[in-house]
Q: 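Before I ask anything, here is the structure I am working with.
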There are 2 protein chains.
Amino acid sequence: MPTPTLRSLALELGLSRTTLSDALRGSPRVKAETVARVLAAAKAAGYERNPLTGAVMSQLRRSRGQQFRGVLAAVEIVTADHTPLAARYNDSLMSGISDRAEALGFKVERFMIGKQDLTLPRLDTILHTRGIQGLILLPAVGFPDFTALNWERYTAVYADYYIDHPRLHCVCSDHYQSMVALLQELHARGYRRPGLFMEIALDERLQYRWEGAFLALQKYLPGITQVPALQFSTLERTEFEAWFRKYNPDVVMGHFPAVMEWMKGCGARIPQTHAFVCLNSLRTTRVDECASMDFQTPILGSRACELVIGQLLHNEFGVPTKPSLTTIPALFTDGPTLRARAPAEPRNKPAVTSGAKTR
Amino acid sequence: MPTPTLRSLALELGLSRTTLSDALRGSPRVKAETVARVLAAAKAAGYERNPLTGAVMSQLRRSRGQQFRGVLAAVEIVTADHTPLAARYNDSLMSGISDRAEALGFKVERFMIGKQDLTLPRLDTILHTRGIQGLILLPAVGFPDFTALNWERYTAVYADYYIDHPRLHCVCSDHYQSMVALLQELHARGYRRPGLFMEIALDERLQYRWEGAFLALQKYLPGITQVPALQFSTLERTEFEAWFRKYNPDVVMGHFPAVMEWMKGCGARIPQTHAFVCLNSLRTTRVDECASMDFQTPILGSRACELVIGQLLHNEFGVPTKPSLTTIPALFTDGPTLRARAPAEPRNKPAVTSGAKTR
DNA sequence: ATCCAAAACCCGGACCGTCCGAATTCATCC
DNA sequence: GGATGAATTCGGACGGTCCGGGTTTTGGAT
C-alpha cells in the first residue's frame with residue numbers, strides 16, 4: 001500500500017484536503033479538537049508532512065498572482081538628541097530596505113516612535129490591526145527597549161550591533177574587520193605610524209571594536225610605531241593638537257574630517273607629509289573630501305530586509321532563541337588625502353616614513 | 001507585470017506547458033529547434049527555472065508519497081595535519097547541520113576532499129550528476145581554496161571566519177564578543193588581573209579577535225591591572241611558568257587546560273587563589289574539568305544550514321556579490337575553576353586580589 | 001505515386017500541498 | 001425571531017511534473 005496523501009487521508013476522515021493541510025501545520029483556522037483527530041489519524045496512517053515540499057508549494061502559491069505580498073514596518077525611536085547624522089544613516093538604510101523589499105514583493109512603511117504621540121503600545125495596536133508582522137528596527141540612540149510590543153506576533157531584525165530588549169537578530173557593519181582592512185591597506189601604502197582618535201561613547205557602544213582592532217594590529221603589523229589612541233568625550237582643538245604634535249602620526253583615522261584643518265595648522269601637508277582617513281563616509285560633506293570607510297548602509301538595509309522576509313516566509317515569529325549577528329565589512333574608499341599604493345613590486349622601495357616635524 | 005509561468009509562456013509561444021517544461025529541462029522528447037526557440041523566449045520574458053521546485057515536483061509526481069528530501073553536501077578538506085580537535089569541531093557542526101536539515105526536509109551528505117582520491121574536480125562532477133546544489137563548507141586548516149568548483153551551479157556557506165577563494169557568506173562564532181562577555185563576567189566576579197595565553201597562528205587566523213578584545217577591555221574595565229598576553233607558537237612549560245610567576249594573573253584564559261597543572265606547580269590553588277577558563281570547551285576532556293567558552297557549534301551548523309536552504313529556495317546561485325558574516329556569541333559555561341559570582345550587592349566586598357606569591 | 005509502419009514530436013489529464021476567498025455552522029445579542 | 005459576527009470548514013485555482021496517447025513526419029517497399 002502506497003503512503004497516503006492529503007486527499008486520501010481527508011476522504012477517510014470525511015474532511016477536506018484543505019482542512020487536513022491546515023491542521024497538520026497547526027493553523028489557528030482549524031478547531032483544536034479536529035487538529036487532534038487529524039494528527040492521530042495521520043500518525044496511524046503513517047503520513048508524514050514533508051517540510052521541503054511544503055516550503056516549495058507555499059512559495060509557489062504565494063508568489064504568483066498579484067504583486068502585493070505584504071507590508072513591513074521600519075520602526076525608529078526618535079528622541080530629542082536625534083542627530084542629523086543618525087537621520088542620514090537611517091535614511092540611507094531605508095533606501096536599501098525599500099529597494100530590496102520592493103524586489104521581493106513587499107512594501108515598507110516607516111514609523112517613528114516619539115513623533116505625533118506615537119508610543120510603542122499604540123504602534124502595537126496599529127501593526128496588529130493592519131496585519132503587519134515583519135519589523136525592521138532602525139538604530140536608536142543608546143540602548144533601546146522594544147519589549148512593550150507583543151512579540152509573539154512579530155518577527156524582527158535590529159539594524160545595529162546589539163539589542164537586549166528583546167534579544168533579536170542584528171545586522172550591522174563589521175567595524176573590527178573594517179579597521180583591520182583599513183590598517184592593512186595603510187600599511188601596504190607605507191604608513192607606519194597610524195593614529196586613531198575616537199569618541200569614547202561611540203566606541204563603547206561598539207564594545208571598543210574600533211580600538212580593539214587598532215590595538216591588536218598595531219602590535220602585529222611589521223614595522224609599526226605605536227601611537228596611543230586619542231580618547232575624548234568632546235573633541236577639543238588644543239587636545240588634538242597636543243596629541244598630534246607629540247606623537248606625529250603619519251596617518252590619522254577618526255570620524256571628523258574637520259581635524260584636517262587642525263593638522264594643517266600644525267604644519268602638515270596632506271597628503272604629502274601626513275594623511276587622513278574618515279572612519280564613516282557619511283560624516284564627509286563631499287564625495288572627494290577624503291579617503292573614508294563606506295559602511296554600505298543600503299546593503300545592510302537590504303540584508304536586514306532579506307532576513308525578515310525569510311523568517312516571514314518560514315512562519316517564524318517571536319524572539320529568536322539564539323540571536324545572531326550578521327555583518328558586512330565596510331568598503332575602503334580611496335581619496336585625495338592618501339598617498340597612492342606603491343605600484344607593482346612590493347618590497348623594493350620601502351615606503352618613506354614621513355619625517356615632517358613641525359616646529 | 002507578474003513573473004511569467006510555464007503556462008503563460010506556453011500560450012505566448014503557441015505551445016503547451018508540457019512542451020515548455022520538457023524543453024527547459026533539455027528532454028530529448030522535444031525537437032532541438034523548438035528547444036532553442038523556447039530558451040530564447042524564456043530568457044526574453046525573464047523566466048527562471050527553480051531547480052529545487054522542479055525536483056520536489058518530480059519526486060512528488062513520480063513516487064506518490066515516498067518521502068523526497070533535498071540533498072545538501074557538507075564538504076571538508078582533509079589534510080595530513082588534520083587534528084583530532086578539528087575532527088571533533090566538524091563532527092559537532094555536522095550534528096547541528098544534519099538536525100536542522102532534516103527538520104527542513106533535507107538530507108546531508110559529507111564529502112572529504114583528500115580521502116580516497118576525492119579531488120575538487122571529481123567532487124564537482126559527482127555533485128553535478130547527483131543534482132546537489134547546496135553546499136556547506138566545513139572549516140579547513142589554513143586558507144582553503146574551492147575555486148576549482150563550477151560556482152554558478154552552487155550556493156554555499158563557509159562555516160568559519162573568512163574565505164577568499166571564493167568569497168562566500170560565512171557563519172562563525174563571535175570570538176570578539178565572546179572575549180568581551182567573558183572578561184565582563186570575570187570582572188563581575190572580582191578578578192582584576194586577567195591573563196591570556198594564545199597560540200599565535202590560531203589568533204592570526206581570527207585576525208587577532210581574541211587579543212583585540214582583550215587589549216581593549218583591559219584598558220576600559222575599571223580597576224584592571226594589565227597583564228601582557230603570552231604569545232607562543234608551541235606552548236612550553238618553562239615559558240608559561242616564567243610568565244605566570246612574573247605577572248601573577250589571578251585568572252588565566254587560554255586554550256589548553258593542561259596549564260592548570262603547571263599553575264599548581266607554581267603554588268597556585270584553583271579556584272582559591274587563582275582561576276582558569278578554557279577558551280574552547282571542545283578542548284576540555286571532561287564536562288566539569290573547568291569553566292569554559294562553549295562555541296555552540298551545533299547552533300552554528302544549524303544556522304549555516306538555514307542560510308543555504310534559504311538561498312536554495314530563493315533560487316540564488318553562484319558567489320554572492322556582497323559576502324556577509326553571521327556570528328553567534330559563545331556561551332560562558334561556569335565550572336569549578338572559578339570563584340562564584342558575588343551574591344546580591346556588587347560593591348560591598350571589593351574582591352581580593354590574590355596575593356599568592358610562589359617562592 | 002502510393003501505402004503503411006515506425007519514429008519523432010507534441011499535447012491533455014491527473015496529481016501533489018498550499019493559499020485565498022467564500023460558504024457553512026454556531027453562538028450571541030437585540 | 002432575526003440579525004450580526006465569529007469560528008470553522010470547504011472549493012477553486014495554482015505550477016511543474018510524469019505518463020499515456022494523440023498527430024505529424026519520415027522513409028522504405030511496392
Q: Under 4.0 Å from OP1 or OP2 of D:dT9: is there any side-chain N or O of A:Thr19 that close?
A: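 Checking D:dT9 against A:Thr19, no side-chain N or O comes under 4.0 Å of OP1 or OP2.
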Q: Check this for me, if you would: do B:Lys107 and B:Glu102 make a salt bridge, where the nitrogen-to-carboxylate-oxygen distance has to be below 4.0 angstrom?
A: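 Result for this pair is no, no salt bridge flagged.
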Q: Testing A:Leu300, A:Asn90, A:Leu138 for side chain to side chain contact (heavy atoms under 4.5 Å, CB included) with A:Ile97, which one passes?
A: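 Result: among A:Leu300, A:Asn90, A:Leu138, A:Leu138 is the only option passing the side chain to side chain contact (heavy atoms under 4.5 Å, CB included) with A:Ile97.
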Q: B:Glu33 CD to C:dC9 P: how many Å, rounded?
A: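 Interatomic distance, CD of B:Glu33 to P of C:dC9: 10 Å.
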Q: Could you tell me how far apart B:Leu11 (CG) and D:dG15 (P) are, to the nearest whole angstrom?
A: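 Interatomic distance, CG of B:Leu11 to P of D:dG15: 12 Å.
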Q: Nearest whole angstrom, please: distance from the P of C:dC9 to the CG of B:Leu20.
A: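 From B:Leu20 CG to C:dC9 P: 17 Å.
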Q: Would you call B:Ile163 and B:Phe146 a side-chain contact if the rule is heavy atoms closer than 4.5 Å?
A: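 Yes - at least one pair of side-chain heavy atoms lies under 4.5 Å apart.
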Q: Nearest heavy atom decides the nucleotide; on that basis, is A:Asp22 or B:Thr18 closer to the 5' end of DNA chain D?
A: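 Of the two residues, A:Asp22 wins.
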Q: Looking only at side-chain N and O atoms, does B:Arg37 come under 4.0 Å of OP1 or OP2 in C:dC10?
A: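 For B:Arg37, the contact criterion (side-chain N or O under 4.0 Å from OP1 or OP2 of C:dC10) is not met.
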Q: Under 4.0 Å from OP1 or OP2 of C:dC15: is there any side-chain N or O of A:Arg17 that close?
A: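 Checking A:Arg17 against C:dC15: no side-chain N or O falls below 4.0 Å of OP1 or OP2.
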Q: Just N and O in the side chain of A:Tyr47: are any of them under 4.0 Å from OP1 or OP2 of C:dC16?
A: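 No, no such contact exists.
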Q: Pick base, sugar-phosphate or nothing for A:Leu15, based on heavy-atom distances below 4.0 Å to the nucleic acid.
A: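 The residue A:Leu15 makes sugar-phosphate contact but no base contact.
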Q: OP1 or OP2 of D:dG15 less than 4.0 angstrom from a side-chain nitrogen or oxygen of B:Thr53, does that happen here?
A: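 For D:dG15, OP1/OP2 do not have a side-chain N/O of B:Thr53 under 4.0 Å.
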Q: So A:Val171 and A:Tyr158, do their side chains get closer than 4.5 Å, heavy atoms only?
A: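 They are not in side-chain contact.
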Q: Quick check for you: among C:dC11, C:dC16, D:dT17, whose closest atom lies nearest to any side-chain atom of B:Leu6?
A: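 Looking only at heavy atoms from C-beta outward on B:Leu6, the closest nucleotide is D:dT17.
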Q: Once hydrogens and angles are ignored, does a donor-acceptor distance under 3.5 Å link the base of D:dT9 to the side chain of A:Arg29?
A: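 Answer yes: a donor N or O sits under 3.5 Å from an acceptor.
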Q: Using heavy atoms to find the nearest nucleotide of DNA chain C for B:Lys31 and B:Met57 separately, return the residue whose nucleotide is more 5′.
A: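 In this pair, the answer is B:Lys31.
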Q: Can you figure out which of C:dT18, D:dC10, C:dC16 approaches the side chain of A:Arg7 most closely?
A: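 In terms of side-chain proximity for A:Arg7, the closest of C:dT18, D:dC10, C:dC16 is C:dC16.
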Q: Return yes if a side-chain donor-acceptor contact under 3.5 Å exists between B:Thr147 and B:His165, otherwise no.
A: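 Absent: no donor and acceptor within the cut-off.
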